[in-house]
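Here's the structure, in structure tokens; my notes come after.
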Amino acid sequence: MKIVLGPASEELGEKIAELTGMVKVLVVHKTFPDGEAYVRLESSVQDEHVAIVQTTSPPQDSKLLQLAFLADAARRNGARKITAVVPYLAYARQDKMFLQGENISIETVGNMLVAAGVNELLTVNVHQENALLKFLFPARSLSAIRLIAEYFVKKGVRKAFALSPDKGALHIAQQAQQVLGGECGHLDKQRDRYTGQTTQTGKGLNVKGRTVIIFDDIISTGGTIVGAAKILRELGAAHVFTACVHPLLIGDAEKRILDAGVEEIVGTDSVPSSVSKVSLAPLISKELKALRSG
Ligand code: R5P
């Protein structure tokens with residue numbers, strides 16, 4: 001198996017190649033003056049199983065297209081199997097028609113990748129596992145929550161209360177709890193599908209004097225974490241940290257979260273950022289080694 005270093009995840013791809021011992025395929029890429037993308041594989045993939053490592057964080061459309069172009073390049077240049085390794089899978093939140101007249105974005109993304117030649121996909125903490133069922137090829141989501149929780153344990157934070165910002169993400173807090181050894185729970189979050197406005201409540205939560213880590217899959221604008229931190233302050237939490245797998249951190253999200261009294265934000269290199277303190281390389285490498293020998 002060879003590792004294609006997608007332009008959006010070059011550093012992560014390098015780490016995966018180092019950990020797996022797999023040969024790297026470098027990518028020449030550029031954007032033409034009119035905004036169109038160009039990619040070229042620098043070495044042979046003839047008869048190889050290739051893993052293309054390319055995240056699809058903002059700007060997601062151009063990164064998705066680069067991924068499709070790379071798959072097409074690999075297929076046309078003789079690769080026998082193409083695994084797309086997409087740490088942050090864009091459009092997974094639109095996995096069904098919530099309102100009449102909508103589309104199913106993740107299905108269109110999957111169809112585009114099939115047409116480009118992708119045979120299977122590996123992602124990390126996809127927002128909805130159901131989203132992967134829309135693909136016409138095998139797709140798996142790995143969980144980085146244990147790795148993130150281990151970061152806190154190494155830092156000396158043990159028995160912290162693992163909190164998810166809504167009930168749907170409780171499984172994330174539960175995974176963290178297994179490593180942290182404390183308790184876990186969730187807030188309640190309601191979203192207005194028309195305006196996008198959310199409301200959060202923390203009924204029945206006992207975090208007085210406790211260290212709390214808010215775990216989420218994605219931090220986008222930071223609104224969810226800022227709201228959760230406010231509730232935790234009102235409930236008397238002593239220390240509040242937050243962690244996510246995909247730190248999109250749109251606009252001044254990082255500052256807003258820290259201003260809300262959160263002591264530290266921890267994310268992974270799924271989305272390279274100032275808070276990407278945990279690498280996904282060991283998790284993805286283990287899976288690729290298993291795929292190689294399987
Ligand atoms: C939503 O269900 C996700 O799990 C995140 O909670 C959400 O994407 C975070 O968005 P924001 O940071 O904009 O509140």
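What you are looking at is a predicted structure, and each value in this text was computed from that prediction instead of being measured. These values consider heavy atoms only, across backbone and side chains, with no hydrogens, waters or symmetry-generated copies. Atoms within each ligand, like the ligands themselves, are counted from 1 in listed order.
- At the top of the distance list for atom 5 (C) of ligand 1, counting protein heavy atoms only, stands D216 OD2, 3.3 Å.
- Nearest protein heavy-atom contact of atom 1 (C) of ligand 1 is H127 CE1, 3.5 Å.
- For atom 8 (O) of ligand 1, the nearest non-hydrogen atom of the protein is R93 NH1, 2.8 Å.
- Look at K96 and E102 and you find no salt bridge, because none of the NZ, NE, NH1 or NH2 atoms lies under 4.0 Å from a carboxylate O.
- For atom 14 (O) of ligand 1, the closest non-hydrogen atom of the protein is T224 OG1, 2.5 Å.
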Practice problem: Apply side chain to side chain donor-acceptor pair (under 3.5 Å) to the pair T31 and E36, showing each step before the final yes or no. | Solution: CA-CA 6 Å; T31 306; E36 291 186 357; over 6 Å; no
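- Distance alone, capped at 3.5 Å, is enough to place a donor-acceptor pair between the R75 side chain and the A116 backbone.
- Of the possible donor and acceptor atoms, one in the side chain of R256 sits under 3.5 Å from a partner among the backbone N and O of T221.
- The closest approach between a heavy atom of G222 and any atom of ligand 1 is below 4.0 Å.
- The backbone N or O of P59 lies less than 3.5 Å from a partner atom in the side chain of S62, making a donor-acceptor pair.
- Atom numbering of ligand 1 starts at 1 in the shown order; those under 4.0 Å from a heavy atom of K189 are 1 (C), 6 (O).
- When the heavy-atom distances from atom 4 (O) of ligand 1 to T198, I219, D217, V226 are ranked, the shortest goes to D217.
- A side-chain N or O of H49 and one of T83 form a donor-acceptor pair less than 3.5 Å apart.
- At a heavy-atom cutoff of 4.0 Å, ligand 1 is contacted by both the backbone and the side chain of T221.
- Annotation: atom 7 (C) of ligand 1 to nearest protein heavy atom, I218 O, 4.0 Å.
- No side-chain donor from either of T199 and K189 sits under 3.5 Å from a side-chain acceptor of the other.
- With respect to atom 10 (O) of ligand 1, the closest heavy atom belonging to the protein is S220 CB, 3.7 Å.
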